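Protein chains get the first letters and strands the later ones, always in sequence-line order, with residue 1 at the start of each. Because the structure is predicted, anything quoted here is derived from the model rather than measured.
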Protein chains: 2
Amino acid sequence: MKKRTYSCGLDAAVDVVGGKWKALILWELHTGVRRFAELRRGIDGISEKMLIQQLREMETYGLVHREVHRQVPPKVEYSLTDFGRSLNEALIPLGDWGERHMSTIEAIPRD
Amino acid sequence: MKKRTYSCGLDAAVDVVGGKWKALILWELHTGVRRFAELRRGIDGISEKMLIQQLREMETYGLVHREVHRQVPPKVEYSLTDFGRSLNEALIPLGDWGERHMSTIEAIPRD
DNA sequence: CGGTATCCGCTTTGATACTG
DNA sequence: CAGTATCAAAGCGGATACCG
């Protein structure tokens, strides 16, 4: 989310879902409501800092809903909004593409 | 293209198409063959350095074909491979999503 | 025309420690 | 459990200058 104007829809979408983690978080939430710790365990390699940072951004974008249950121990649940679900659906073909070509992609030499 | 293993297809796809420019370049190439200068003019705000850098990466990924015509003045044409075209197709729903929600996205407060 | 090379700042990400 | 704070490292991307 860096720009204020976009040259096309794909430009806008990449800006929203861009970065290392957002698409993964979106995907992890597609099955339903998830607690903070569940998300952390579900997304390999993400730190607490990055997870909360990305979730907060996605909350301001209106993609994610954050529900705090005031109790001890604390319980915070994250879920997709309708907007988030619509984005997730738009990502399905891309996910399928990645699935189909994953072995090819992994075989590409890096540097 | 930073990882060597992926947790899911979406993870892999985002790694390939991630960054500020690749999706845009892909999209610009969807109409057919393009010369270097055409691409530069077609993608608003990109520098020569970033364009060539991204094109080279996409070439090593096998998404883009680079054809050099040895003549004066030089002429280099870029086009999508079948692999690149398949990725582009997978990006269409995302582009449509962005198109539909562009005004909403632009209205999201930054910072 | 179609690049390369170098430098540099800003943002993103990671590591570690701490808290209500 | 669900964060916050701080610092440091890495990487992305821009500006400028130059070349075959």
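Rounded to whole Å, atom C1' of D:dA10 lies 13 Å from atom CE of A:Met50. As rounded to whole Å, 10 Å separates atom P of D:dC1 from atom CD of A:Glu48. For A:Ile46 and D:dA2, the CD1 to C1' distance is 14 Å, given to the nearest whole Å. Taking atom CD of residue A:Gln53 and atom P of nucleotide C:dT13, one finds them 8 Å apart after rounding to whole Å. For the pair A:Lys22 NZ and C:dT11 C1', the interatomic distance rounds to 12 Å; values are reported in whole Å. Going from atom CZ of B:Arg70 over to atom P of C:dG3 covers 11 Å, rounded to whole Å. To the nearest angstrom, C1' of C:dC1 lies 17 Å from CD of B:Glu67. One can place CD of A:Glu59 at 13 Å from C1' of D:dG3, the figure rounded to the nearest angstrom.
Between A:Lys49 and A:Glu38, the residue anchored closer to the 5' end of DNA chain D is A:Glu38, taking for each the nucleotide with the nearest heavy atom. Along DNA chain C, the nucleotide nearest A:Gln54 and the nucleotide nearest B:Leu55 are compared for position; the residue whose nucleotide lies closer to the 5' end is B:Leu55.
Under 4.0 angstrom from either OP1 or OP2 of D:dC12 there lies no side-chain N or O belonging to A:Lys2. For C:dC1, the OP1/OP2 oxygens have no side-chain nitrogen or oxygen of B:Arg35 closer than 4.0 Å. Between A:Tyr78 and the phosphate of D:dC1, there is no side-chain N or O to OP1/OP2 separation shorter than 4.0 Å. OP1 or OP2 of D:dT4 has at least one side-chain nitrogen or oxygen of A:Arg56 nearer than 4.0 Å. Residue A:Arg66 places at least one side-chain N or O closer than 4.0 Å to OP1 or OP2 of D:dG3.
Contact of the A:Val64 side chain with the A:Thr81 side chain is not registered, since no non-hydrogen atoms from C-beta on lie closer than 4.5 Å.
Across all non-hydrogen atoms, the minimal contact from A:Gly98 to B:Ala13 is CA-CB, 4.2 Å.
Nearest to the side-chain atoms of A:Ile52 among the listed nucleotides D:dG3, C:dG14, D:dG13 stands D:dG3. Of the candidate nucleotides C:dC1, C:dG3, C:dG20, C:dC1 has the atom nearest to the side chain of B:Pro73.
Within the 3.5 Å criterion, the main-chain N or O of A:Glu106 finds a donor-acceptor partner in the side chain of A:Arg110.
None of A:Arg66, A:Arg35, A:His65 except one satisfies the side chain to side chain donor-acceptor pair (under 3.5 Å) rule with A:Tyr78; the exception is A:Arg66.
Geometrically, B:Lys3 engages A:Trp21 in a cation-pi contact, judged by NZ or CZ lying under 6.0 Å from the ring centre and within 45° of the ring axis.
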